[in-house]
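So the structure is just underneath, and the comments pick up after that.
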Amino acid sequence: MASKAKAVGVGIIGFGTIGTGVVRVLRDEAKAIEERLGYPVRIVRIADLDTRTDRGVKLRKGVLTKDARKLINDPEVDIVVELIGGIEPARTFMLEAIEAGKSVATANKALLSEHGPELARAAERKGVAVGFEASTGGGIPILKVLRESLAGDKNLEVYGIVNGTANYILTEMSDGRGEFGEVLEAAQRMGLAEADPTYDVDGIDSLHKLVILVALAFGKRIKPKQVHVEGIRNISSIDIAYAKEFGYAIKLLAVARDTPKGVEARVHPTMVPVSHLLSQVGGAFNAVCLRGRALGTSIYYGQGAGMMPTATAVVADILDAARNMRDGKAGAQLVPTYGRPLKTLRSSPVVAMASTSHEHYIRLSVADKPGVLAKISSILGKEAISIATVSQHASPARGAVPLVLRTHRAGEAALKRALAKIGRLGDVRAKPVVIRVEETLGQAD
Ligand code: HSE
């Protein structure tokens, strides 16, 4: 379709995996995109410090530059896509682009979780758009669902699997392909995990995404440092085997509930009942569950990472920004960044982890001799922690056996005190492993 309408110009800062995907989607779907918009989208400039590597996509001469500011200030660039990641210089580039009257789109969850409101404020002042669909859930359009499709409902709970790398590792471990370290190394060799896996396996990436989900789901601003985070490094295949025996799968979950005391938000490995759909989410896939007062529970599943899925989310933001610019009223974004005027996005306390309560799985490595279980149950009893089940398998390792306890719902603070005492018993041979069990996901308390 040869169009006479003037193209919307796009500049991309960061020509890595996702940047390359965006170029490919804009190229491969150019006709469909033009049909939808009524005008074409043209890549005007791409900025990256590495202008030599062949990314396998053809660019017009002069498109590639090392100079991000040249891109931002190019009058032909209407929309700036930030794909370099990290806080700086990404934040400064985005603020400069907004100041120059350009809409921005990004996949940067670290930046959005820390500085999203700052970017939204700047964009609101300038009447431009900030798109960050690709930051959370990769190709799953969960943010648009929260911002627009569920705008009529009151969201009570948002939870799910939002890190593909961690989910891939847990799935491989569950399929018997080794312990955490071996599976991680294999994933790194195959390019499925980053050389520095910290953000993915220690829960930080999930945390950033949870903060973004909370803002859109509840209209509440929480800070990443307020949220309790645990990763998956301490999970062993023996825990996965016990979980299976009890009817659970172990998943790294990000969970948030809107409560009268504040937002309950946490990221940690969780035993999910095999009857829950989340237990079936395997490999690098993501799934986000929402519970709304009117809708009840809805689940969004798909590829949470990767070049092409993530690129589709960025391109959708580009289309939204183009429509706002061309078709919206000057100076007014049709749908605000957080689906609400920024002044109504209020800071909220986060419920202290110590004051939450859960059912727990506790694995101890203990000497197999009389009186050990009695000492442990006495400590738990003194903290008013009720034991639901006890299981000991005869598999001695240097004289120690695994003793697995499941508790009824118990306060975190009491459990912490009890574990400290249990850990000091001479017959307890290793640091206790504790995994929270979620029986009530998606159900009102
Ligand atoms: N590193 C993320 C993951 C993908 O493993 O899910 C980007 O958000």
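Note that ligands are numbered from 1 as they come in the structure, with each ligand's atoms numbered from 1 the same way. Predicted, not measured: the structure shown is a model, and the values here were computed from it.
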Electrostatic pair E439:R409 at N-O distance under 4.0 angstrom: no
Check ion pair E230-R436 (N to O, under 4.0 angstrom): yes
Between T65 and D67, a side-chain donor and acceptor under 3.5 Å: no
Residue contacts for ligand 1, heavy atom to ligand atom, distance under 4.0 Å: K109, N163, G164, T165, D200, D205, K209, A305
Heavy-atom check, side chain of K251 versus side chain of N167, under 4.5 Å: yes
Pair listing, salt bridge (charged side-chain N to carboxylate O under 4.0 Å, His left out) test, anchored in residues 340-365, at least two apart: D239-R363
Cationic N near anionic O, under 4.0 Å, K209 to D205: yes
